[in-house]
Amino acid sequence: MSFNDMPAPSKENLISLSGSVEDVIYQNDENFYTVAVLDVDGDPVTIVGTMPGLRLGANARVMGEWVIHPSYGKQFKVSVFEPEIPDDAAGMLRYLSSRTIKGVGPKTAKRIVDRFGATSFDVIENSPELLSQIKGITPAKASEISRAFRDQFGLRNVILFFGEHFGPATSMKIYKQFGNGAVELVKNNPYILCDKVYGVGFERADRLAMSLGVAQDSPMRVEAGIMYLLSYNAASNGHVYLPLEKLAAASAKLLGCSEEAARSGIENLAAADRLVKRVFPEHTAVYAKKAYDAETTCAVRLSILSSVNLYGTVIGAEKLIEETQDAEGIEYAPAQKKAILSAINEPLTVITGGPGTGKTTIIKAVLRIFTGLGLKTALAAPTGRAAKRMSEATSEEAKTVHRLLEMEFSEDDEPRFYRGELTPLDYNAVIVDEVSMIDVFLFSSLLRALRPGTRLILIGDSDQLPSVGAGDVLRDIIASKKYKVCRLERIFRQSDDSSIVANAHRINRGEYPVASGKNGDFFMLERPDPASSLSAVVELCASRLPKTYGRDVLEGVQILSCTKKGELGTVNINSVLQNTLNPPAKDKPEHRSGERIFRLGDKVMQITNDYEMLWRAAENESLTGTGVFNGDIGRIISLDPDEQLLTVDFDGRLCDYDFSALDELEHAWAVTVHKSQGSEYPIVILPVFNPPPMLAARNLLYTAVTRAKKMVIIVGNGASVRRMVDNDRPAARYTALWRL
């Protein structure tokens, strides 16, 4: 079960308190973390927790546990919050007098309750025109009072209805998305939550649907399950589409229905234009409409870009290359010259090669020549770290593809790119590095923003793992054999005493890596089982590396794991290392979020693209920007339990997280190899002991090794490493860009 699919807190073993709210000491308007005083049978109780809609004078039932705050003493920590409506005139008067309803103060509240008594709330909500009978309340003001009341109690209804299933934080997300009509809307179609509310996957929506009596073979349920398999499950495994037979079988298994019902659902979705079917020689492909549009756009736009006549070759291109060699003080190899010449003269060029083969040298040469020719050139990469590396290598600004395309938000707060077909990029050439990381959706957005006639140079290592998202863009473009591809094979970046690059190429050729000597940079520590392998990893981080190189070395150490699960998976390694490297202490505030504890000083990673996240520069907080992206790694530098806020330093960008948004973070002493793409680390530690068959592949081992700049330490089982090298059959992805 993923963190986002965790059920709401269990009510078993929780203490229950009920009473009226005497005082609201503090409430955060964003995440609704609240500190209040509840009158429980005459005793004041300080309650703390996420309590949306809690107002002075209201009645509430809370469930939780007693805690001792180091500064404020005994408090009741709320896990479940259930606001209650006053049902008598006295309670209604107290509630309305608290000024929680805009336009109603104590005097107006008394007039309303004196006139309507215990029916006051019903009148305000359903017959507001009657309020205008009261002195001082015009028909317009009556309407305003009713609207404010409905907004407040609409939130209450959402909290009560969804709190049983999701808890306050997710319930608030649902309310913000759908407003007062959320309950009725979701009752009519619980599966709308899958598409519209982050953190509510199909499993959680399905549990809610089952509780509402939705039949197991309901067409609504079947169609939602099919869309989940295509849009989320398939995409998370890199597939752009699924074969019809596989989709029908997987849907039947997921939903517990017949394959006939699944096929019927597929046909209904296709008729509604939510799915697209394409017949290929070996099978019928079924796409989610969005994925089909993205892949088709890529094929069409690539064809258009590559077919533009650049009015012949640049006169004297060879001479320009010679002049660049002289200026840089190097001599390009024949394959490098060929790649540079293609970039100059061709509308579309793909340059691929492993580590140390001179890709960065080519980027610098092409950029220098384009500048000399007066060509306005953009440098871009899929991630912030990859863009930063590109900037450092070229001494020119490189942007993430998202930033290049100028991410903005629609009126519905949906992320979109300003740059597109109607507002194309104003560049003569665009050079994109680490293309193996780009998924089909981002690539289609980039291609839409390029004018025909713009030179496009795509650079990457086709032997690395493909993108985390759907598609296999770089390999598909190469496999299509429609575009100019320059392969770099000669190794340049390899010092005499370094084995990292040499071993990376050995692995890529299907040869086993060779460990260095005592003073080398490539080590393999054999261990008999996963437990001793984990102990060795912990020992390396806690004592051996710091003792040899100093404590600061840990900032450059990154553990890469093949998987998230198991004893050597990232979840377990992070838990062990948190307790070892950043244990609890009185001066380290912490916060539990689900099954995880976030603590001051923790190493964390952003696991979603949050284009709206505000950041400020650590060295100059007046310098601000937006956007933190999947795979960004940082440190928790402050954590305030009272404000329900923590701050992460992402390599000089400071981002604040409400505690309700912590499902966007994971601990990051260990990350998966997939998440490490586009990054480089001084030291890589790779625990390997019988990884799952799907992950025991050569390209995964190759990608892990190529992340290291100064040292690689493989810990575990040498036989497992050899099996990975021998397995040159990476998991197949269902894509069709190569054939379109």
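Everything numeric in this text was worked out from a predicted model, so none of it was measured.
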Is a side-chain donor or acceptor of N428 paired with a backbone partner of R455 at a separation under 3.5 angstrom? no
Please round to the nearest 0.5 Å and tell me the distance separating atom CG of D632 and atom CD1 of I607. 12.5 Å
Short question: side chain of E396, backbone of L367 - any donor-acceptor pair under 3.5 Å? no
Side-chain contact, heavy-atom cut-off 4.5 Å: L646 with L662? yes
With a 3.5 Å cut-off and no angle check, do the side chains of T735 and D476 form a donor-acceptor pair? yes
Using a 3.5 Å distance criterion without hydrogens, assess whether the side chain of S306 forms a donor-acceptor pair with backbone atoms of Y483. no
For the backbone of G471 and the side chain of R733, can you confirm whether one donor and one acceptor N or O come within less than 3.5 Å of each other? yes
Search all heavy atoms of V705 against all heavy atoms of I500 and return the closest pair with its distance. O-CG2, 3.8 Å
Verify, without hydrogens or angle tests, whether S436 (side chain) and S462 (backbone) share a donor-acceptor contact under 3.5 angstrom. no
Verdict with reasoning, V468 to D439, per side chain to side chain contact (heavy atoms under 4.5 Å, CB included): CA-CA 7 Å; V468 173; D439 65 39; over 6 Å; no
Say you draw a straight line from CG of L623 to CH2 of W615; how long is it, rounded to the nearest 0.5 Å? 5.0 Å
State, to 0.1 Å, how close A380 and M390 come at their nearest heavy-atom pair, and which atoms those are. O-SD, 3.4 Å
Answer yes or no: is there a donor N or O on one side and an acceptor on the other, between the side chain of T454 and the main chain of A429, under 3.5 Å? no
Short question: side chain of N574, backbone of W669 - any donor-acceptor pair under 3.5 Å? yes
Quick one: does any side-chain atom of K603 pair with a main-chain N or O of Q578 as donor and acceptor, under 3.5 Å? no
Could you check V430 against I457 for side chain to side chain contact (heavy atoms under 4.5 Å, CB included), going step by step and ending with a plain yes or no? CA-CA 6 Å; V430 175; I457 298 97; over 6 Å; no
Calculate, to the nearest 0.5 Å, the distance between atoms CE and OG1 belonging to M407 and T400 respectively. 8.5 Å
Among Q606, R596, K675, K564, which one satisfies side chain to side chain donor-acceptor pair (under 3.5 Å) with E666? K564
Is any side-chain heavy atom of Y292 closer than 4.5 Å to one of V240? no
Is there a side-chain contact between T394 and I363, using heavy atoms and a 4.5 Å cut-off? yes
Atom OG1 of T50 and atom CZ of F659: how far apart are they, to the nearest 0.5 Å? 10.0 Å
Any side-chain heavy-atom pair of D461 and Y702 under 4.5 Å: yes
Checking H591, E590, H667 against R599 for side chain to side chain donor-acceptor pair (under 3.5 Å), the one that qualifies is E590
K290 atom NZ, over 12 foreign heavy atoms within 6.0 Å: no
Could you check if a side-chain atom of R204 sits within less than 4.5 angstrom of a side-chain atom of L193, using non-hydrogen atoms only? no
Verdict with supporting geometry, V628 and Y657, side chain to side chain contact (heavy atoms under 4.5 Å, CB included): CA-CA 11 Å; V628 58; Y657 289 80; 4.0 Å; yes
If the test is salt bridge (Lys or Arg N to Asp or Glu O under 4.0 Å), which one of K388, K710, R389 qualifies with E680? R389
Does a sphere of radius 6.0 Å around NZ in K565 hold more than 12 heavy atoms from other residues, nucleotides or ligands, not counting ones at 6.0 Å or beyond? no
Count the heavy atoms of every other residue, nucleotide or ligand shown that sit under 6.0 Å from CG of D552, and state whether that count exceeds 12. no
Identify the heavy atoms of V671 and I633 that sit nearest to each other, and give their distance. CG1-CD1, 4.2 Å
Quick check: closest heavy atoms across A393 and T360, and the distance to 0.1 Å? CB-CG2, 3.4 Å
With side chain to side chain contact (heavy atoms under 4.5 Å, CB included) as the criterion, how do T371 and T377 come out once you've worked through the C-alpha distance, each side chain's angles and the decisive distance to 0.1 Å? CA-CA 8 Å; T371 300; T377 306; 5.6 Å; no
Student check: side-chain heavy atoms of N233 and H239 closer than 4.5 Å: no
Minimal non-hydrogen separation, P355 against V501, with atom names: O-CG1, 3.6 Å
Considering only heavy atoms from C-beta outward, does the side chain of N699 approach that of P466 to under 4.5 Å? yes
State whether R385 and E434 are salt-bridged, where the test is any N-O pair (Lys NZ or Arg NE/NH1/NH2 against Asp/Glu carboxylate O) under 4.0 Å. no
Backbone N/O of P424 and side chain of R419: donor-acceptor pair under 3.5 Å: yes
Would the distance check show the side chain of S467 and the main-chain N or O of G469 forming a donor-acceptor pair, the cut-off being under 3.5 Å? yes
Any heavy-atom pair between the side chains of M227 and F202 that's under 4.5 Å? no
Search all heavy atoms of K196 against all heavy atoms of F178 and return the closest pair with its distance. CB-CZ, 3.6 Å
Is the closest basic N to carboxylate O distance between R616 and D656 below 4.0 Å? yes
Supply the atom-to-atom distance L465 CG to T706 OG1, rounded to the nearest 0.5 angstrom. 8.5 Å
Going from CG on L488 to CD1 on I362, what distance comes out if it is rounded to the nearest 0.5 angstrom? 4.5 Å
Between Y241 and Y287, how do the two ring planes meet: parallel, tilted or perpendicular, split at 30° and 60°? tilted
